[in-house]
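Beneath this line is the structure, given in structure tokens, with notes to follow.
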Amino acid sequence: MSKQTLSFQAEVAQLLHLVTHSLYSNKEIFLRELISNASDACDKLRYEAINDSGLYEDAPNLEVRVSFDKDAKTLTITDNGIGMSAQEAIEHLGTIAKSGTKDFVAKLSGDQKADSQLIGQFGVGFYSGYIVADKITVESRRAGMKTSEGVRWVSGGAGDFEVETIERAARGTSVTLHLRDDALDYASAWKIKSVIAKYSDHISLPILMEKEEWKDGELINPSDEKGGRQPGAMVKTGEWETVNKANAIWARAKKDITQEQYDDFYKQISHDFEAPLAHTHNRVEGSTEYTQLLYIPSKAPFDLYNRDKSAGVKLYVKRVFIMDDAEALLPTYLRFVKGVVDSADLPLNVSRELLQESRDVKAIREGCTKRVLGMLEDLAKHDKPATPSTEGATDATAETVTDVLSAEEKAEAEKSAGKYSKFYQEFGAVLKEGLGEDFSNRERLAKLLRFASTSSDTVSVGFADYKARMKEGQEAIYYITADTLAAAKNSPQLEVFKKKGIEVLLMTDRVDEWALNYLHDFDGTPLQSVAKGAVDLGKLQDETEKKAAEEAAEAFKPLLAKLKEALKDKAEDVRVTTRLVDSPACLVVKDDGMSTQLARMLKQAGQTAPEVKPVLEVNAEHALVKKLDGSVHFHDLAHILFDQALLAEGGLPADPAAYVKRVNALLV
Ligand code: ADP
């Protein structure tokens, strides 16, 4: 193939523009990205060579070499990995196959720090070279192809690139960066070494650099030592040395690894800039043998809610990299976990299909799930306990209980304080998916859930906290789901609970209602939505209240029949309730029904929701309700009552204009 000029795919051009214009304050990441690509290429070769050892040609030792030329202003990263054919170079370096790129572009905020964190998540690694280079030359030959089938790819990172076939003896790829003037410090050994130490120490293959040594300058006057010398300089010795630690951190003993090293490894595999919230590192022995090093990030990625997104756990077999994103290793609801699993038992040529069926993988998956849950339980235990306000409670006896802790325990507790709430804020909603997905761990998961409540605006109340505060005679854990905290807090359905000082959990995540479908009780206490079914406060209601309610229901029978008739297209039923104090009416659904809120959400999402006709409950004590009977406006009032109940819970009347007309007619 003779030299030809090709255009970048539109997205690449756009991305390149962004890379060069938004990442210059975080230049050094380019080296991590390019070394990581080189390392991936070596992993791929090792994997393909399992079935075809000829691919090693005569260079079985996989390595990455980093070199620079001060005079030519270049920095070169060379690997002897899998390499690229000409066609692959055109495809891989000229287009972005991944569909996430458009999202990426849309997500860029203009905030450099945030943007440079995103860049890793999208795997736009190679293009980061243009942060420091105004031209990049890539030369490569794919393992197993003829030396005449090498390729050279050159681009200034604007609209197009050149490719041509070249003769290349060495297998693998070299990427040469022609450094910009403001990035010339990357043509120095100490700078490169310091960046490698920061990001690439744990790459499990050696990164080599040519040794340099100091050489004095020539004598100015060769016959006279005292005449002085030309300035000296560092010169290359032709000898190469390994500049990274080059061993798999997870294979080392825990006691030999510092917190900082754990954090650095996390940053390297996750492309995250922030340290993780927690990690767990274990060698598991037994019927299956494996090592796990798993992390919980501090921040949720932008695409957390995409359930199809790739998982963050890499699978190794006996330290040989097998695959990224091994989704079989953890359930979907733990997709935020990053890390490494290294199995001693799986065959090296394991495929994704095989993974799904393997007994060993099942055991690993269970083990990893338990570890992650254990890690979360630990964080939760050390988090500061929720301090509920005692508002509304009549029998509050202020009492502080301080545990006696050792100095060590105190330090540990301080370090972990607040971590669980931080975790929960980022990943709590995803964790809830587990209730429907992982039945075997449902109880453990339920203990990890936190909610806001009528006594706590912060999302910090667990079911156990709630139970400990339940009123005497209270037989259920009460909760309400709504779109927002404000809507939940002001919901008419809560009125009687507020009056009686009974705590109600306020659930405002989209998944709550779906997830709660899978949890009927907690530790023997049933969960009860206050917006479903008739209100039954059981023993919390005293005899006189019960009697009054029964009498009201009896006295209202004729009115209810009329209301039912007037609203027969809208309401499933109309009844008198004791749950309201200030509001005239509210809507509830039948015990097993889908809430109007969830039905609304489904419709907004373009899905078909079953038509739910709610039950209208009226407050017999309310002036408006008392006025209904015998009013000449009965029909209009009935509809207004219904539509207002809908508005109060964040819904919209089916015919808003008709509602406005009715209200205006009365106002006039
Ligand atoms: P990513 O690595 O996330 O896929 P990059 O933009 O860094 O994204 O690289 C694009 C593709 O180019 C890689 O997936 C790989 O196929 C190819 N590539 C990049 N660097 C190398 C290399 N050193 N050796 C072989 N292939 C490479």
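Start at 1 and go down the list; that is how both ligands and their atoms are numbered. Keep in mind that the numbers below use all heavy atoms, side chains included, and drop hydrogens, waters and symmetry copies. The structure displayed is predicted, hence computed values, not measured ones.
- Within the cation-pi definition used here (under 6.0 Å to the ring centroid, within 45° of the axis), Lys236 qualifies as a partner of Phe68.
- Listed by chain and residue number, nothing satisfies the side-chain hydrogen bond (donor to acceptor under 3.5 Å, both in side chains) test with Gln425 (two or more places apart in sequence, or in another chain).
- Considering both main-chain and side-chain atoms, Thr173 comes within under 3.5 Å of ligand 1 through a nitrogen or oxygen pair.
- Taking any N or O of Ile82, backbone or side chain, none lies under 3.5 Å from an N or O belonging to ligand 1.
- Counting only residues at least two apart or on different chains, the ring pair (Phe, Tyr, Trp, His ring centres under 6.0 Å) pairs with a member in residues 143-184 are Phe8-Phe161, Phe126-Trp153, Trp153-Phe161.
- A donor-acceptor contact under 3.5 angstrom links the side chains of Thr76 and Thr176, judged on distance only.
- Under 4.0 Å from ligand 1, the heavy atoms of Asp79 that appear belong solely to its side chain.
- Both the backbone and the side chain of His92 come within contact range of ligand 1, each with a heavy atom under 4.0 Å.
- The pair Arg371-Glu366 fails the salt-bridge criterion, with no side-chain N (NZ, NE, NH1 or NH2) lying under 4.0 Å from an Asp/Glu carboxylate O.
- In the vicinity of Leu93, heavy-atom distances shorter than 4.0 Å reach the ligand 1 atoms 12 (O).
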